[in-house]
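It should be emphasised that the depicted structure is a prediction, and the values quoted were computed from it without experimental measurement.
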Amino acid sequence: MNERTSEDLDRVLVLDFGSQYTQLIARRVREHRVYSEIWPCTRSLDAIRAFAPKAIVLSGGPSSVHEDGAPSIDPALFSLGVPILGICYGMQLMCHLLGGRVVRADRHEYGRAEVQQIAPGELLFGFEPEDHIHVWMSHGDSVERLPDGFEVLGRSESCPYAVVAAPGRGLYGLQFHPEVVHTPRGHEIIANFLFRIAKIEPAWTMGGFIEREIADVRELVGDDRVICGLSGGVDSSVVAALLHKAIGDQLIPVFVNNGVLRAGEAEQVQAVFRDRLGLNLQYVDATDRFLNALAGVTDPEKKRKTIGKVFIDVFEEAGRSVGANVRWLAQGTLYPDVIESVSFKGPSATIKSHHNVGGLPERMDLKLIEPLRELFKDEVRLLGKELGLPDDVVHRQPFPGPGLAIRVLGEVTRERLDVLRQADRIVLEEVWEANLYTSIWQSFAVLLPVRSVGVMGDARTYENTCAIRAVTSVDGMTADWAQIPYEVLGRMSNRIINEVRGINRVVYDISSKPPATIEWE
């Protein structure tokens with residue numbers, strides 16, 4: 001069976017009203033092999049028509065429909081003839097705009113709840129009235145009166161309109177969040193919306209993605225040559241493999257040692273990609289250049305932007321050094337990078353600039369190719385397997401482009417980097433030894449600009465604090481702290497304090513994302 005072209009794919013549009021779970025909605029849709037994109041709710045109705053979605057999802061959000069300046073949409077959206085699912089705020093806004101009544105609740109409902117089906121409907125196909133549907137609520141306002149033509153399909157003890165529908169208009173609403181893991185059967189509800197209501201054909205596959213990207217890259221590049229910024233991480237490795245499959249020797253993979261790599265990483269990356277995978281890897285040691293540029297810089301955003309600018313300078317010089325027709329720079333930018341770096345002038349806040357998105361200079365000699373820009377991390381790993389990359393590359397824990405520069409809090413110096421490298425090496429060694437590496441999303445050490453008093457060898461010390469960070473996640477958009485066994489944490493702490501001169505205290509970060517981020521900067 002031939003893969004469908006990107007223009008033929010049934011697509012779902014997720015309109016973002018500022019929810020921390022918006023990215024999860026898009027991922028849950030893609031898990032059903034349906035392509036989805038996230039747009040800010042501020043995009044025009046004409047743009048939405050041009051995108052031609054087969055279905056639309058309105059995300060949740062922290063606002064009240066009664067607030068001045070609350071995010072909204074053109075009510076004509078509901079007349080496009082496209083099935084629409086409103087989630088939490090999205091449902092409240094739908095009811096509000098269509099003539100229903102939304103009121104401020106006496107108290108914010110946040111946490112687990114049970115919903116019972118009270119009427120049959122396609123959205124709850126497969127559920128029985130006696131089923132207790134465990135869901136996750138997170139709302140302040142509530143719908144008090146439904147618009148004309150809507151019916152109630154499900155309710156909870158505190159929410160009489162937990163599931164609503166106007167089947168004749170293709171409009172549906174959920175007061176709870178089906179996209180989070182705390183709603184165990186939420187994937188069934190999403191599947192019902194996609195397949196029973198919107199009649200979408202699931203055709204979003206990695207095999208199809210490869211075929212489409214190869215064709216697009218060949219058409220875009222022509223006879224030009226492409227530099228690929230290869231770090232050895234999953235993202236850039238998959239980009240290199242994909243582009244090599246598309247344009248062969250027109251690809252020039254360049255590995256830049258930016259001076260903020262982990263212990264032994266420069267040697268390891270060269271061994272993997274030059275010796276094992278046979279790529280014509282160009283190695284550039286720009287350690288001094290990066291560290292000189294970072295001297296005195298303490299602000300996290302400035303660190304990222306500084307590193308982004310120097311990277312581009314180095315890549316452009318590398319392009320000029322290898323000959324003519326080098327006009328493109330390929331990067332491993334992912335969809336979460338884009339989402340976190342750019343607010344789209346919508347309600348979602350910019351969390352931080354990624355060095356390869358928001359940190360890039362406005363003017364560059366090279367044009368960008370970002371073939372993974374619409375993928376989440378788990379999809380990139382599937383793509384890597386499809387391209388035949390070895391498991392130790394595909395399952396490598398993520399490592400940020402700015403490297404250890406954003407794990408050395410405060411000023412980045414050679415001395416502080418050396419201290420952090422030693423501590424970070426110990427963390428990774430103990431994670432490997434405990435057979436935890438592939439079950440943990442990321443595990444690393446952070447050097448804090450905090451000194452404290454200690455006692456070593458009966459003498460007073462006044463040294464640095466090291467934080468250990470380890471999280472579990474699927475895509476990096478949300479994460480929980482990893483419950484590493486105490487004995488493993490104990491070995492990490494003992495080794496770091498005894499083997500790394502300059503650290504006398506080790507702490508473990510037990511923050512989740514949100515509200516924290518995975519990296520400290």
Side-chain angles (χ1 to χ4, degrees), residues 24 27 180-182 231-238 260-265 267-269 271-272 276 334 336 376-385 389-401 403-404 406-409 419-448 465-500 503 505-521:
L24 287 179
R27 282 203 60 259
V180 302
V181 295
H182 304 298
S231 69
V234 178
D235 307 334
S236 64
S237 300
V238 172
V260 287
L261 301 175
R262 290 173 289 196
E265 192 158 23
E267 296 77 15
Q268 179 188 21
V269 169
V272 169
R276 287 176 57 187
L334 304 190
F376 290 97
K377 177 71 78 171
D378 55 321
E379 293 173 321
V380 173
R381 296 190 194 279
L382 292 174
L383 180 59
K385 288 185 177 181
L389 287 173
D391 285 347
D392 58 339
V393 173
V394 171
H395 294 293
R396 188 182 188 222
Q397 289 185 3
F399 185 62
L404 299 183
I406 57 171
R407 295 177 181 175
V408 170
L409 273 59
V419 171
L420 178 58
R421 281 193 187 96
Q422 295 177 65
D424 186 73
R425 174 181 53 78
I426 291 170
V427 170
L428 289 176
E429 286 176 356
E430 291 298 331
V431 166
W432 271 108
E433 185 65 25
N435 199 28
L436 296 172
Y437 186 83
T438 56
S439 62
I440 292 176
W441 174 262
Q442 269 178 288
S443 49
F444 54 90
V446 181
L447 187 64
L448 308 186
T465 300
C466 170
I468 297 172
R469 179 67 157 151
V471 299
T472 58
S473 181
V474 174
D475 55 16
M477 297 306 303
T478 60
D480 291 322
W481 60 279
Q483 299 189 32
I484 294 178
Y486 290 154
E487 59 269 22
V488 178
L489 289 174
R491 286 197 299 271
M492 290 180 186
S493 177
N494 288 338
R495 286 192 59 193
I496 290 171
I497 291 173
N498 286 310
E499 297 177 26
V500 182
I503 295 176
R505 190 178 299 273
V506 175
V507 298
Y508 188 48
D509 182 353
I510 59 170
S511 309
S512 62
K513 176 186 179 180
T517 55
I518 296 176
E519 299 289 345
W520 277 48
E521 288 191 342

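- In this structure, V431 and S443 approach most closely via the heavy-atom pair CG2-OG, 3.8 Å.
- Summarising the geometry of R421 relative to A263, their closest heavy-atom pair is CD-N, 4.0 Å, with the distance given to 0.1 Å.
- To the nearest 0.5 Å, atom SG of residue C466 and atom CE of residue M492 are 10.0 Å apart.
- Taking both residues in full, the closest heavy atoms of V238 and G384 are given as CG2-CA, 3.8 Å, listed atom of the first, atom of the second, then distance.
- In this structure, N494 CG and L489 CG are separated by 11.0 Å, a value rounded to the nearest 0.5 Å.
- Of the possible polar contacts, none joining the T465 side chain to the L448 backbone as a donor-acceptor pair under 3.5 Å is found.
- Checking side-chain atoms of R469 against main-chain N and O of Q442 turns up no donor-acceptor pair under 3.5 Å.
- Scanning both residues, L436 and P485, for their nearest heavy atoms gives CD1-CD, 4.1 Å.
- Distance alone, capped at 3.5 Å, places no donor-acceptor pair between the E430 side chain and the V488 backbone.
- Using a 4.5 Å cut-off on side-chain heavy atoms (C-beta onward), I484 and I440 make contact.
- Ring geometry for W481 versus Y508: interplanar angle over 60°, hence perpendicular rather than tilted (30 to 60°).
- Put simply, the side chain of I426 reaches to within 4.5 Å of the side chain of E499, judged on heavy atoms.
- Between R505 atom CZ and I496 atom CD1 the span is 14.0 Å, to the nearest 0.5 Å.
- The two atoms that bring T472 and S439 nearest to each other are CG2-O, 3.8 Å, heavy atoms only.
- A donor-acceptor distance shorter than 3.5 angstrom exists from the side chain of Y437 to the backbone of Q397, with no hydrogens or angles considered.
- A salt bridge links R407 with E519; the closest basic N to acidic carboxylate O contact falls under 4.0 Å.
- Side-chain atoms of D378 and R27, non-hydrogen and from C-beta on, do get closer than 4.5 Å to each other.
- Inter-residue side-chain proximity for P400 and I518 is flagged as unmet; no heavy-atom pair is nearer than 4.5 Å.
- Annotation: the span from D235 atom CG to L383 atom CG amounts to 10.5 Å, rounded to 0.5 Å.
- Judged by distance alone, with hydrogens and angles left aside, the side-chain atoms of S493 form no donor-acceptor pair with the main-chain N or O of G490 at under 3.5 Å.
- Between L404 and F444, every side-chain heavy-atom pair lies at or beyond the 4.5 Å cut-off.
- Taking CD1 of I406 as the start and CH2 of W520 as the end, the distance is 13.0 Å to the nearest 0.5 Å.
- By the 4.0 Å N-to-carboxylate-O rule, R491 lies too far from E433 to be salt-bridged with it.
- Across every non-hydrogen atom of R396 and S231, the tightest pair is NH1-O, 4.3 Å.
- Using a 4.5 Å heavy-atom cutoff, the side chains of K385 and R381 are not in contact.
- Using a 4.5 Å heavy-atom cutoff, the side chains of L447 and D424 are not in contact.
- With rounding to the nearest 0.5 Å, the separation of CD in Q268 from CG in L261 is 10.5 Å.
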